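Read the structure below first, then the notes.
Just so it is clear, the structure is predicted and the values come from calculations on it, not from any experiment.
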Amino acid sequence: MFRRFSSEIGSGAAAPPTLADTKERAAVIPPPRSELARRTNDVTDLKVRFHQRLLDMLNLPVIDKVPIEELRREVGQIVREMLIEEGIALNAKECVQLIEEILDEVLGLGPLEPLLKDDTISDILVNTHKQVFVERFGRLELTPVRFKDDKHLLRIIDKIVSGIGRRIDESQPWVDARLSDGSRVNAIIPPSAIDGPLLSIRKFTRTPLTIDRLIEIGTMTKDMAEFLKRVVQSRLNLLISGGTGSGKTTMLNALSTMISDRERIITIEDAAELQLQQSHVLRLETRPPNIEGKGAVTQRDLVRNALRMRPDRIIVGEVRGAEVLDMLQAMNTGHDGSMTTVHANSPRDSLARLEQMIGMTGFNLSDRTMRRTMASALNVIVQLERMSDGKRRIVSIQEITGMEGDVVTMQEIFVFRRTGIDGNGNVLGHFEATGVRPKFAQRFEAWGVPLPADMFEPRRRLA
């Protein structure tokens, strides 16, 4: 039936290969024996070879119109015919597994599909076609997953990139993209990648981590969560800082759940990852230039446009360049409660990074003017760190209090005190208050969300 659909559509698809064609191919790539087919390399070779034959036989536009169960049944019948043609004997379990893997090749991302379906995996790192690592529970693991060759891996990369209207080739050998579930993808290919194509996927959980879950896994305490909840509710401007993989986007997602459903929120990202649950959310995404070098839409363009869309809050996934000045100006001109993230190793470094990015705007601003802009726009900095045991923790929450001379003044409110490492490599420590009561505590009271006074007692361990 599926092959009948192909002929009715009339796409010009090639006729199914004959037995003579099969023998000719087999002379180039010897068919594996039954016992060898169980080994990873042989199964991969068999799977890719059958997939290529399926592409010759099937009309790809029809695939989207056929129910998945019917597609599985028809592909299963074709695969069984191919196995008989090539004289390959597989038991029932091996045959079902092969059919599922070929369906992954046709409909999904081939060898990566089982890794994408595994909820215990947070990162997938493909180091050329020969090696695939994953991060599970904060630790890197080598997997048995392999691609047939670089061409096979390039085809999977192209499928990801073309799915969101982007491109990757020798003239543009790297790209940032995303999967349909919001997972972040980076790919880089030769000539920039010397040994072969490289692919990194930062998986996004199907169910975003909530504040309660972050408390449970030790990223923060209940007291810190209550404090941050009031920061969001009282519309203070928030900067989330941290290194790569420290959980900045996860924290931004979690804190965004505390925003009122009555507010109009605009999100701006390079690759859409945020999963806000409010009913009035407008999502904007950048666009790279086309092959002629035209048509690019930058984050700065989107921030400027967002100001004309009557937002209550603007959330920028990550500031990386000249858009930072427009973001700070938005925070200073009535868009209180806005949030963004930045790559930095400490709260003080995050301000230095913002200062460097303001310099990218081309405006000749003095250091004092830049710092005054930051001091008046930002209220709170949350510093995250991915520790040696793989766990992500808030290591500092600081308030920006103003300016003293040419220096932005800050005071630390909560901190993670690291005390050592246990025999299993787990980082030991505790969260505590520094004894500083934030200046904006009065704002909490004015907004009807006061905090207990004893929360800020010196060296008080946070619950």
Salt-bridge contact R320-D270 (side-chain N to carboxylate O under 4.0 Å): yes
Value rounded to 0.5 Å, distance of CG in L109 from NZ in K159: 6.5 Å
Sidechain N-carboxylate O distance under 4.0 Å for E445, R230: no
Residues K439, E399: salt bridge by 4.0 Å N-O rule: no
N253-T250 side chain donor-acceptor pair, cut-off 3.5 Å: no
Contact summary for S346 and S241, nearest pair of heavy atoms: O-OG, 4.0 Å
Distance in Å, I397 CD1 paired with F414 CZ, rounded so as to fall on 0.5 Å steps: 6.0 Å
Sequence-distant partners of R310, salt bridge (Lys or Arg N to Asp or Glu O under 4.0 Å), two or more places apart: D312
Set of side-chain contact (heavy atoms from CB on, under 4.5 Å) partners for D169, sequence neighbours left out: R167, S171, Q172
Cationic N near anionic O, under 4.0 Å, E323 to R304: no
Test item: E269 side-chain N/O and R283 main-chain N/O as donor-acceptor pair under 3.5 Å: no
Any donor-acceptor pair under 3.5 Å from D150 side chain to P197 backbone: no
Identified side-chain contact (heavy atoms from CB on, under 4.5 Å) counterpart of I314 within the set T340, L307, D326, I265: L307
Exercise: identify the closest heavy-atom pair between T298 and T286: C-CG2, 3.8 Å
H129 ring center near F147 ring center (under 6.0 Å): no
Heavy-atom check, side chain of I421 versus side chain of L428, under 4.5 Å: no
Donor-acceptor under 3.5 Å (S183 side chain, L179 main chain): no
Expected output: side-chain R264 to main-chain M309 donor-acceptor under 3.5 Å: yes
Other residues, nucleotides, ligands: >12 heavy atoms within 6.0 Å of N364 CG: no
Any T120 side-chain heavy atom under 4.5 Å of F137 side chain: yes
V126 vs L112 side-chain heavy atoms within contact, under 4.5 Å: yes
Minimal non-hydrogen separation, R313 against I259, with atom names: NE-CG2, 3.6 Å
Stepwise side chain to side chain contact (heavy atoms under 4.5 Å, CB included) test for K222 and M224: CA-CA 5 Å; K222 289 182 180 179; M224 295 167 76; over 6 Å; no
Main-chain N/O of V342 paired to K248 side chain as donor or acceptor, under 3.5 Å: no
Side chain to side chain, L252 and I315, heavy atoms closer than 4.5 Å: yes
For the student: nearest non-hydrogen atoms of P191 and P173, plus distance: CD-CB, 4.4 Å
Contacts of A377 that satisfy side-chain contact (heavy atoms from CB on, under 4.5 Å) - sequence neighbours left out: L328, M331, N332
side-chain hydrogen bond (donor to acceptor under 3.5 Å, both in side chains): pairs with one or both residues in residues 419-434, sequence neighbours excluded: R417-E432, D422-N426, H430-E432
Any donor-acceptor pair under 3.5 Å from T219 side chain to I215 backbone: no
Non-neighbouring partners of N186 that pass side-chain hydrogen bond (donor to acceptor under 3.5 Å, both in side chains), sequence neighbours left out: D176
Residues forming a side-chain hydrogen bond (donor to acceptor under 3.5 Å, both in side chains) with T409, sequence neighbours excluded: T401
Side chain proximity check, R443 to R235, heavy atoms < 4.5 angstrom: yes
Side-chain donor/acceptor of R368 to backbone N/O of L365, under 3.5 Å: no
I266 side, atom CD1; R308 side, atom CZ - distance, nearest 0.5 Å: 11.5 Å
side-chain contact (heavy atoms from CB on, under 4.5 Å) partners of R202, counting only residues at least two apart: D123, R184, T244
Contacts of type side-chain contact (heavy atoms from CB on, under 4.5 Å), residue P452, not counting sequence neighbours: D454, M455
Under 3.5 Å donor-acceptor, R287 side chain and G295 backbone: yes
Rounded distance [0.5 Å steps], CD in E135 versus OG in S200: 11.5 Å
Pairwise distance NZ(K151) to CD1(I156) - rounded to 0.5 angstrom: 13.0 Å
Carboxylate-amine/guanidinium proximity below 4.0 Å for K391 and E385: no
Residues which pass ring pair (Phe, Tyr, Trp, His ring centres under 6.0 Å) with F444, listed by chain and number, not counting sequence neighbours: F227, F440
Criterion side chain to side chain contact (heavy atoms under 4.5 Å, CB included) on V185 and V161, from CA distance to verdict: CA-CA 9 Å; V185 177; V161 171; over 6 Å; no
Any side-chain heavy-atom pair of T341 and L239 under 4.5 Å: no
Contacts of E216 that satisfy side-chain hydrogen bond (donor to acceptor under 3.5 Å, both in side chains) - sequence neighbours left out: R213
Heavy-atom neighbours of W447 CH2 exceed 12 at 6.0 Å: yes
Backbone N/O of D336 and side chain of N237: donor-acceptor pair under 3.5 Å: no
Beyond-backbone contact of V408 with I400, side-chain heavy atoms, under 4.5 angstrom: yes
Counterpart residues, side-chain hydrogen bond (donor to acceptor under 3.5 Å, both in side chains), relative to Q233 (two or more places apart): none
By salt bridge (Lys or Arg N to Asp or Glu O under 4.0 Å) - contacts of E457 (at least two apart): none
Lys/Arg-Asp/Glu bridge criterion (N-O < 4.0 Å) met for D118, R136: yes
Minimum-distance pair of heavy atoms, taken over all atoms of G321 and M360: CA-SD, 3.8 Å
Atom CD of E141 with >12 non-hydrogen neighbours under 6.0 angstrom: yes
Closest heavy-atom pair and its distance - G247, L384: O-CD1, 3.6 Å
Side-chain donor-acceptor contact under 3.5 Å, H280 with E263: no
Working for side chain to side chain contact (heavy atoms under 4.5 Å, CB included), residues L255 and I240: CA-CA 10 Å; L255 294 180; I240 299 173; 4.1 Å; yes
